[in-house]
Amino acid sequence: MPTDTVETRTTRKLKKTIATQGETISHLKDRVSDLRDEVSSLKRELESFQKRVQSDMKSVFEIMKNKTQ
């Protein structure tokens, strides 16, 4: 009978470990999702920034070109 008690304790401990790991995995999935959203947002911001810089540089070169003529 002592074996049953040890097995029962072990089973309970394993179930608790599995539950804890499930919670951790769920938390990590949420965090990965948040990071994915953040990376997507940063990519859009970077593309917008690049377009604005490109536009500004074109304007600067046009002004410089007109001044040298």
Side-chain angles (χ1 to χ4, degrees):
M1 197 104 187
T3 306
D4 290 337
T5 305
V6 171
E7 287 177 5
T8 303
R9 271 191 251 138
T10 302
T11 301
R12 271 190 261 137
K13 188 174 181 179
L14 287 172
K15 285 182 179 180
K16 185 177 179 181
T17 300
I18 290 170
T20 302
Q21 289 175 345
E23 291 172 11
T24 301
I25 288 169
S26 177
H27 174 73
L28 291 171
K29 282 182 178 180
D30 290 344
R31 184 65 181 134
V32 167
S33 179
D34 290 345
L35 290 171
R36 216 181 259 163
D37 292 344
E38 192 173 327
V39 166
S40 180
S41 176
L42 288 171
K43 282 182 179 179
R44 283 192 304 273
E45 288 178 27
L46 181 59
E47 288 171 1
S48 175
F49 176 73
Q50 287 173 332
K51 288 177 183 177
R52 289 193 314 264
V53 168
Q54 183 180 19
S55 176
D56 290 347
M57 293 306 294
K58 281 182 181 178
S59 296
V60 168
F61 283 118
E62 285 298 315
I63 291 170
M64 290 174 60
K65 182 179 174 182
N66 290 336
K67 290 207 181 236
T68 60
Q69 291 179 353

Requested in this report: Using side chain to side chain contact (heavy atoms under 4.5 Å, CB included) as the criterion, list what pairs up with S55, not counting sequence neighbours.
Outcome: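 So S55 forms no side chain to side chain contact (heavy atoms under 4.5 Å, CB included) with any residue.
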
Requested in this report: Would you please name every residue forming a side chain to side chain contact (heavy atoms under 4.5 Å, CB included) with V53, sequence neighbours left out?
Outcome: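 In terms of side chain to side chain contact (heavy atoms under 4.5 Å, CB included), with neighbours along the sequence ignored, V53 is linked to F49, M57.
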
**Report entry** Results of side chain to side chain donor-acceptor pair (under 3.5 Å) for S40 - residues two or more places apart only
**Finding:**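 Scan of S40 (side chain to side chain donor-acceptor pair (under 3.5 Å), adjacent residues dropped) gives R44.
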
Query - Set of side chain to side chain donor-acceptor pair (under 3.5 Å) partners for S48, sequence neighbours left out - result: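 Here the qualifying residues are R52.
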
Query raised in the report: In Å and rounded to the nearest 0.5 Å, what is the CG to CG distance from D37 to L42?
Result: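 Going from the CG atom of D37 to the CG atom of L42 covers 11.0 Å.
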
**Report entry** From CZ (R12) to CZ (R9), nearest 0.5 Å
**Finding:**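 Going from the CZ atom of R12 to the CZ atom of R9 covers 7.5 Å.
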
Report task. Answer yes or no: is there a side-chain heavy-atom contact under 4.5 Å between T10 and V6? Result ->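 Yes, at least one pair of side-chain atoms sits under 4.5 Å.
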
**Report entry** Validation row: M64, T68 side chains within 4.5 angstrom (heavy atoms)
**Finding:**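 In short, these two side chains do not touch, never coming nearer than 4.5 Å.
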
**Report entry** Verdict with supporting geometry, R31 and D34, side chain to side chain contact (heavy atoms under 4.5 Å, CB included)
**Finding:** CA-CA 5 Å; R31 184 65 181 134; D34 290 345; 4.2 Å; yes

Listing, residues 18-28 side-chain donor-acceptor contacts under 3.5 Å, not counting sequence neighbours, or none:
from: T20; atom 1: OG1; to: K16; atom 2: O; distance (Å): 2.9
from: T24; atom 1: OG1; to: T20; atom 2: O; distance (Å): 3.0

